[in-house]
Amino acid sequence: MKSAGAAYDIIVVGGGHAGIEAAAAAARLNCRVLLVTHKLDTIGELSCNPAIGGVGKGQLVKEIDALGGLMGEVADAACIQYRRLNTTRGAAVQSTRMQVDMDRYRQQAQDRLRALANLDFLEAEVESLLSDQDAVQGVVVTTGERLRARAVILTPGTFFNGLIHIGNRRLPGGRLDDADSTRLPKQLASWGFQFGRFKTGTTPRLDGRTIDFSKLTEQPGDREYLPFSPRSAEKPALWQTSCYLGHTNPATHDIIRKNLRQSALYSGQITGTGVRYCPSVEDKIVKFPDRDHHHVFVEPEGLEIDRYYPNGLSNSLPLDVQNELVHSIPGLEQARIVQSGYGIEHDYLLPTQLRANLESARIRGLYFAGQINGTTGYEEAAAQGLLAGINAACQVNGAEAVVLDRSQAYIGVLLDDLVTKGTNEPYRMFPSRVEYRLIIREDNADERLTPLGRRLGLINEADYRRFQRKEAAIAQELKRLESTRVSANARVEALLRERGSAGIAGSATLLELLRRPEIHYADLSQLEPGSGPIPRAVRERVEVQVKYAGYIKRQAVEIERFQHLERIRVPKDFTYQSLPGISLEVAEKLTALQPRTLGQAGRISGVTPAALSQLMFYIKRTQAG
């Protein structure tokens, strides 16, 4: 541990998912990094549900991994159930979700951080920032130590003025049994930073020994396993287990309705905006009065801890009411609550105050990442942390900032949405937010981002060669499918009829057959028995490229139009008030957000096509002159 007054390149404040990725990336990019957090043993804690990935979120994890981040590898090492979601739908929305052992996940994250030579740790609370005019210079912790740094990344999660609600009880805290942070947000507010207030929550935790699983529906994982990271083992490291499905019922709903006044959410005690896509159970009962039941997914928190997370029962009711509603659910009649569910309010920074690289527009060298920027979810936080760590290191090392655009990655959509549009509710990533989701899929995250990770120095030589071998295998397999012809015969015709597919006249290539919606890769081995085994990752990519070739080509044309506007840079500190023909309101919005490109300017709420045309005309005229 470094002594008081020690100088670092970068200080990361917070040890959640954003802090982990930020610290690891910066340390691996040859910066001397200090991670400061309230409790060292809670680094990597899964504060809410015991799972990584999901719809839209699996894409983020794959992209984090493709850039060289940690989340995918840590999840693979802790996986106790693997599932691929949306497999009956198109490739653009298919996502990976892993149930993880919470203790193992935390330990794996900590082990990986401790192995980094350039990273130090300090257990303390940061009470203020050091700054000189408009640049950050370090932090001051509550012991009075002044720690110097060239950049600071704030990743406080829900700790800024965090307030926990259990019925009418209110407890200051960023998480149950963890203190909140009040001094630092007060200082930031005094500097002119604007904050809002959001609400999130978590479910009660149940003693597995008191659950009657025979009354619940078992939900096993997939048999075929594909890790998030190609750096992980091809088989799960841990024993695979099941989740279970239960349901609320009219009795549950009556209990909640009868006690709504005791809910912190409905008593008026909570004023922050909640998560629309993951509502509390009280919200579901009030907003969907015609529903007679709601799903409750009973998820294991680990292999060696008999604790379960009843996903779907997030609430801010008193503990006695929580007991009553839990016991009304078949299978949970005798379930013992070992930790109360609770709601939590916290401050978040209005993210339009940030640049596209997550640096504050107000204070140079000060970066924000994670839930502080108005997001919800481990994966959204980790993605921001990784980019904040990369960009802080780029600043320290004198390199150009890394900004992913909306056609490159889900991460690009996430950050662009936040800094350009802001958010008036906790932001969660969904495929529906992504215009080019057919091209930026989960299966090709490495193709899109691993070359960038290699250029940055986050992907080592051995891993990059593995990636190149995979890309070569995909190209070779596409060539094989295009050159291999299958002649019409009784066996081929019988298989095609069985799949509901038309026969072939004379012969057809395997590529032509795979292009048919009803023919899948597994069928090709029967059409051409001599072919060898193809790795799953190669099969998936090839099949998507073949089946969706026309759509992908069309979307590529759309991306080219999009990138044309993204390539037109707006001069820094441009005086928008001088532009003729635009309103004062539009000029004020453009001035406040300072868009980097013409494309970003067009995505700002209220910026009209006419105003955008005026701006484009002026920029082109200036460049021509």
Side-chain angles (χ1 to χ4, degrees), residues 1-37 40 43-44 64 67-71 73 109-124 126 129-132 135-141 145-156 354-360 363-370 381-404 411 415 449 452-461 463:
M1 200 63 59
K2 298 295 181 288
S3 61
Y8 288 89
D9 292 318
I10 298 169
I11 293 175
V12 177
V13 181
H17 302 283
I20 288 169
E21 297 292 351
R28 292 171 61 205
L29 293 176
N30 301 316
C31 293
R32 296 180 61 245
V33 181
L34 175 68
L35 191 157
V36 185
T37 186
L40 293 178
I43 291 174
I64 290 166
L67 284 169
L70 298 182
M71 179 172 265
E73 287 183 86
Q110 292 179 16
D111 288 349
R112 282 167 167 76
L113 290 180
R114 290 193 183 101
L116 297 172
N118 291 335
L119 179 58
D120 291 329
F121 303 86
L122 177 63
E123 188 171 84
V126 171
L129 299 174
L130 297 171
S131 72
D132 175 23
V136 75
Q137 290 191 323
V139 304
V140 180
V141 295
E145 288 179 287
R146 299 164 70 87
L147 300 163
R148 298 281 174 177
R150 297 165 66 186
V152 173
I153 305 173
L154 296 181
T155 71
L354 302 176
R355 303 188 193 282
N357 63 350
L358 293 178
E359 184 184 22
S360 158
I363 304 290
R364 282 187 293 110
L366 178 60
Y367 296 78
F368 292 79
Q384 293 173 71
L386 176 61
L387 266 294
I390 288 170
N391 280 311
C394 286
Q395 177 186 304
V396 167
N397 295 330
E400 187 177 349
V402 174
V403 177
L404 300 175
I411 299 175
L415 299 190
L449 297 175
L452 172 59
R454 175 61 181 159
R455 289 197 299 274
L456 288 169
L458 292 174
I459 299 291
N460 64 35
E461 180 67 26
D463 290 335

- Message: Evaluate Asn391 against Leu358 for side chain to side chain contact (heavy atoms under 4.5 Å, CB included), listing each step before the verdict.
- Response: CA-CA 8 Å; Asn391 280 311; Leu358 293 178; 5.8 Å; no

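- Every side-chain contact (heavy atoms from CB on, under 4.5 Å) that Arg114 has, sequence neighbours left out, goes to Gln107, Gln110, Asp111, Phe121.
- By the 4.5 Å heavy-atom criterion applied to side chains, Leu458 and Ile390 are counted as neighbours.
- Heavy atoms only, all atoms of each residue included: Ala383 and Ile64 are closest at N-CD1, 3.6 Å.
- Shown here for Leu415 and Gln384, the closest heavy-atom pair between the two residues is CD2-CG, 3.8 Å.
- Contact record, Leu113 with Ala24: CD2-CB, 3.9 Å, taken as the closest heavy-atom pair.
- When the side chain to side chain donor-acceptor pair (under 3.5 Å) test is applied to Arg364, the partners found at least two apart in sequence or on another chain are Asp134.
- Residues satisfying the side chain to side chain donor-acceptor pair (under 3.5 Å) criterion with Arg454, sequence neighbours excluded, are Glu461.
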- Task: Check step by step if side chain to side chain contact (heavy atoms under 4.5 Å, CB included) holds for Val126 and Val152.
- Result: CA-CA 11 Å; Val126 171; Val152 173; over 6 Å; no

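- Counting heavy atoms from C-beta on, the side chains of Arg148 and Leu130 come closer than 4.5 Å.
- For Arg112, the salt bridge (Lys or Arg N to Asp or Glu O under 4.0 Å) criterion is met by no residue, not counting sequence neighbours.
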Using residues 9-22 as the side-chain source, report each donor-acceptor pair under 3.5 Å to any protein atom, sequence neighbours left out, with the distance given to one decimal.
from	atom 1	to	atom 2	distance (Å)
Asp9	OD2	Arg32	N	2.8
Glu21	OE1	Leu70	N	2.9
Glu21	OE2	Leu70	N	3.2
Glu21	OE2	Met71	N	2.8

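- Residues passing the salt bridge (Lys or Arg N to Asp or Glu O under 4.0 Å) test with Glu73, sequence neighbours excluded: Arg231.
- Partners of Asn460 according to the side chain to side chain donor-acceptor pair (under 3.5 Å) rule, which considers only residues two or more places apart in sequence or in another chain, are Asp463.
- Residues satisfying the side-chain contact (heavy atoms from CB on, under 4.5 Å) criterion with Ala27, sequence neighbours excluded, are Val33, Leu116, Asn118, Leu119.
- Side chains of Leu122 and Leu147 form a contact here, defined as non-hydrogen atoms less than 4.5 Å apart.
- Considering CG of Leu67 and CD1 of Ile411, their distance stands at 5.5 Å, rounded to 0.5 Å.
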Without placing hydrogens or testing angles, list every side-chain donor-acceptor pair under 3.5 Å for residues 395-404, not counting sequence neighbours.
from	atom 1	to	atom 2	distance (Å)
Gln395	OE1	Tyr367	OH	2.8
Asn397	ND2	Leu29	O	3.1
Asn397	ND2	Ala393	O	3.1

